Amino acid sequence: MASQADFRDRQFLAVIGDEDSITGLLLAGIGHVTAPPDNQKNFLVVDAKTDTAAIEAAFEKFTTERKDIGIVLINQHIADRIRHRVDTYTQAFPTVLEIPSKDHPYDPEKDSVLRRVRRLFGE
Amino acid sequence: MSTQPHPTETIDTLLEHYLALLDEYTALRAALNTLQAAMYQSLARANFSAERGVRHYGRDYYDARMQALRRVRSGGGGGGGGAPVVVFTVGGPSPGGKEAATAATDEAEPMAEKEAASVGGDGDDDEKQKEERSEEESGTDNDNDNAEKKPQPVDPLRWFGILTPPALRQVQGQAIKAVEDIIPRLATLSAEMAGVELEVRRARKRRAKAERAEEKRIVELEDKMGEVNVSV
């Protein structure tokens, strides 16, 4: 089990999503840019031009490198592009949650938590 | 006599708890879908009714020095399956936080000035008090200067101008509801379910081990019975 120190400093939500999802969530006040010179954002706006490598790098940064992220939200259709990374992610912190986007409704078949459920029941 | 429950009973109890968590997870997922669909609809309405000059409420308006208003707080909680789990909550700045303290100082200053004015200069003691107060105030000003260097969190709605359409305010309300009520609970459930999965797997291993030991014992007993029959 994770120790108290593991999650005490994890105070931000991070988002990897399309522009509308990010705009909505930033309006809720979760956006944060760290102090200069780093200026690290806790979100990545993904559009048709964004490389899969950039998405993977952002996922890696939010889940492994940064120690101040508690929850990572990712649009499900974007998670599909790095499905192998999302499904093999097993760390307790940060927690990764897939969320629907405007053009891609939530599909339970692809949800990593529900995939775990199926594995537990031997399907 | 052993008081430990049978491994199968333990697994059944764990699975019962797991299914209850799964039920809540599924219900929250449905709620999040509905809320996000409404949020996207409101954002589309806001873009449709945008003022002249506003192309699209999006990344062009994000504040490059934004500071988080809502943060994750995680703490240990008791899992139903026996294992401790992490409970996530998301909330705005705490009442005792730095922002609140700064606001309180700002409010307190005019009060102090009023008090000083009402007391009036009646003697030396009052003058001394005034001097002390002015020193304190200058100290507070210095603190405020230091605080100003750090960007303070502002309402993200202000990034998009002063006269934002009501639909954009709706987007904000819906997003806050998702971020404060649904997402942290989903994260907690996901962590709790992972913990129960681990326990179920361990219990299954224990059961398999116990079954193997039982089979071995039966084989040994049968062998002994065979030896007794031969000697008779």
Side-chain angles (χ1 to χ4, degrees), chain A residues 1-4 6-15 18-36 39 41-43 45 47 68-73 90 92-103 105-106 108 111-114 116-117 119-121, chain B residues 18 22 25-26 29 32-33 36-37 39-40 42-44 56-59 61-76 83-84 86 88 90 92 150-151 153 155-157 159 168 171-172 174-176 178-180 183-184 186-191 193-195 197 200-201:
Chain A
M1 254 315 139
S3 71
Q4 192 94 13
D6 286 338
F7 55 77
R8 203 171 34 203
D9 298 327
R10 296 187 175 272
Q11 50 176 328
F12 299 118
L13 280 119
V15 201
D18 60 16
E19 194 172 359
D20 281 355
S21 301
I22 302 264
T23 302
L25 290 165
L26 291 191
L27 271 170
I30 64 157
H32 192 87
V33 178
T34 59
N39 289 332
K41 294 174 187 168
N42 63 341
F43 59 90
V45 179
D47 55 24
D68 56 351
I69 307 283
I71 301 172
V72 178
L73 303 173
T90 52
F93 299 104
T95 298
V96 176
L97 280 180
E98 293 171 39
I99 56 168
S101 62
K102 189 172 75 174
D103 302 320
Y106 168 75
D111 188 288
S112 50
V113 175
L114 296 181
R116 271 181 9 216
V117 174
R119 272 203 296 275
L120 185 74
F121 288 102
Chain B
Y18 188 75
L22 179 62
Y25 181 86
T26 317
R29 271 286 173 197
L32 183 66
N33 281 351
Q36 282 207 282
M39 189 185 88
Y40 295 129
S42 300
L43 191 58
H56 177 75
Y57 289 110
R59 66 174 113 179
Y61 296 90
Y62 297 167
D63 182 0
R65 298 191 305 161
M66 63 178 81
Q67 297 291 298
L69 269 173
R70 287 187 168 71
R71 298 183 182 212
V72 179
R73 293 187 201 109
S74 31
V86 173
F88 292 100
V90 175
K150 257 188 159 184
D155 183 356
L157 209 60
W159 307 341
L168 205 63
V171 175
Q172 190 179 39
Q174 286 151 346
I176 288 172
V179 161
E180 284 193 345
I183 288 167
L186 278 175
T188 307
L189 282 171
S190 172
M193 284 167 80
E197 283 162 26
V200 168
R201 289 206 171 90

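Nothing here was measured: the structure is a model prediction, and the numbers come from that model. Letters go in sequence order (proteins before strands), and every chain restarts at 1.
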(message) When you measure from the side chain of B/Gln36 to the backbone of A/Ile99, do you find a donor-acceptor pair of N or O atoms at a distance under 3.5 Å?
(response) no
(request) Pick one of side chain, backbone, both or neither for B/Leu186, based on which atoms fall under 4.5 Å of a heavy atom in chain A. (result) both
(request) Answer yes or no: is there a donor N or O on one side and an acceptor on the other, between the side chain of B/Gln172 and the main chain of A/Leu27, under 3.5 Å? (result) yes
(message) Using heavy-atom distances under 4.5 Å, tell me whether B/Ala178 contacts chain A through its side chain, its backbone, both, or neither.
(response) neither
(message) Would you say that A/Leu26 contacts B/Pro156 through its side chain, given a criterion of any heavy-atom pair below 4.5 Å between the two side chains?
(response) no
(message) Is there a side-chain contact between B/Glu197 and A/Arg116 in this structure, where contact means two heavy atoms from C-beta onward sitting under 4.5 Å apart?
(response) yes
(request) Considering non-hydrogen atoms only, spot the tightest contact between A/Pro100 and B/Asn33 and give its length. (result) CG-OD1, 3.2 Å
(request) Please round to the nearest 0.5 Å and tell me the distance separating atom CZ of B/Arg201 and atom CZ of A/Arg119. (result) 7.0 Å
(request) Might you point out which heavy atoms bring B/Tyr57 and A/Thr23 nearest each other, and give the distance in Å? (result) O-CG2, 3.7 Å
(request) Check each atom of B/Tyr61 against the heavy atoms of chain A and say whether the ones under 4.5 Å are side chain, backbone, both or neither. (result) neither
(message) Side chains of B/Arg29 and A/Leu114, heavy atoms from C-beta outward: is any pair under 4.5 Å?
(response) no
(request) Working to the nearest 0.5 Å, report the span between CD1 of B/Ile183 and OG1 of A/Thr95. (result) 12.0 Å
(request) Please determine, among A/Gly70, A/Ala35, A/Ser101, A/Pro94, the option with the most heavy-atom pairs under 4.5 Å with chain B. (result) A/Ser101
(request) Locate the shortest heavy-atom distance separating A/Val113 from B/Met193; write the atom from each residue and the value. (result) CG1-CE, 4.0 Å
(message) Angle between ring planes, A/Phe121 versus B/Tyr18, binned at 30° and 60°: parallel, tilted or perpendicular?
(response) tilted
(message) Quick check: closest heavy atoms across B/Val179 and A/Ala28, and the distance to 0.1 Å?
(response) CG2-CB, 4.0 Å
(request) Considering non-hydrogen atoms only, spot the tightest contact between B/Tyr40 and A/Ser21 and give its length. (result) OH-OG, 2.6 Å
(request) Ignoring hydrogens and angles, tell me if any N or O in the side chain of B/Arg70 forms a donor-acceptor pair with the backbone of A/Leu13 under 3.5 Å. (result) no
(request) Side chain from CB out, backbone as N, CA, C, O: work out which of these in A/Asp68 comes under 4.5 Å of a heavy atom of chain B, or both, or neither. (result) neither
(request) Below 4.5 Å from any heavy atom of chain A, which atoms of B/Leu43 appear? Answer side chain, backbone, both or neither. (result) side chain
(message) Report which part of A/Ile69 has an atom under 4.5 Å of a heavy atom belonging to chain B: side chain, backbone, both, or neither.
(response) neither
(request) For the pair B/Met66 and A/Val33, evaluate side chain to side chain contact (heavy atoms under 4.5 Å, CB included) and give the outcome as yes or no after the intermediate values. (result) CA-CA 6 Å; B/Met66 63 178 81; A/Val33 178; 3.6 Å; yes
(request) Carefully, step by step, assess A/Asp20 and B/Arg59 under the rule salt bridge (Lys or Arg N to Asp or Glu O under 4.0 Å). (result) CA-CA 9 Å; A/Asp20 281 355; B/Arg59 66 174 113 179; over 6 Å; no
(message) Contact between A/Tyr106 and B/Leu32 at the side-chain level, heavy atoms closer than 4.5 Å - yes or no?
(response) no
(message) Report which part of B/Leu168 has an atom under 4.5 Å of a heavy atom belonging to chain A: side chain, backbone, both, or neither.
(response) both
(request) Check whether A/Ser112 gets within reach of chain B through its side chain, its backbone, both or neither, counting any heavy atom under 4.5 Å. (result) neither
(message) Hydrogens and angles aside, do A/Asp111 and B/Tyr25 bring a side-chain donor and acceptor to less than 3.5 Å of each other?
(response) yes
(message) Are A/Ile71 and B/Phe88 packed together at the side-chain level, in the sense that at least one heavy-atom pair is separated by less than 4.5 angstrom?
(response) yes
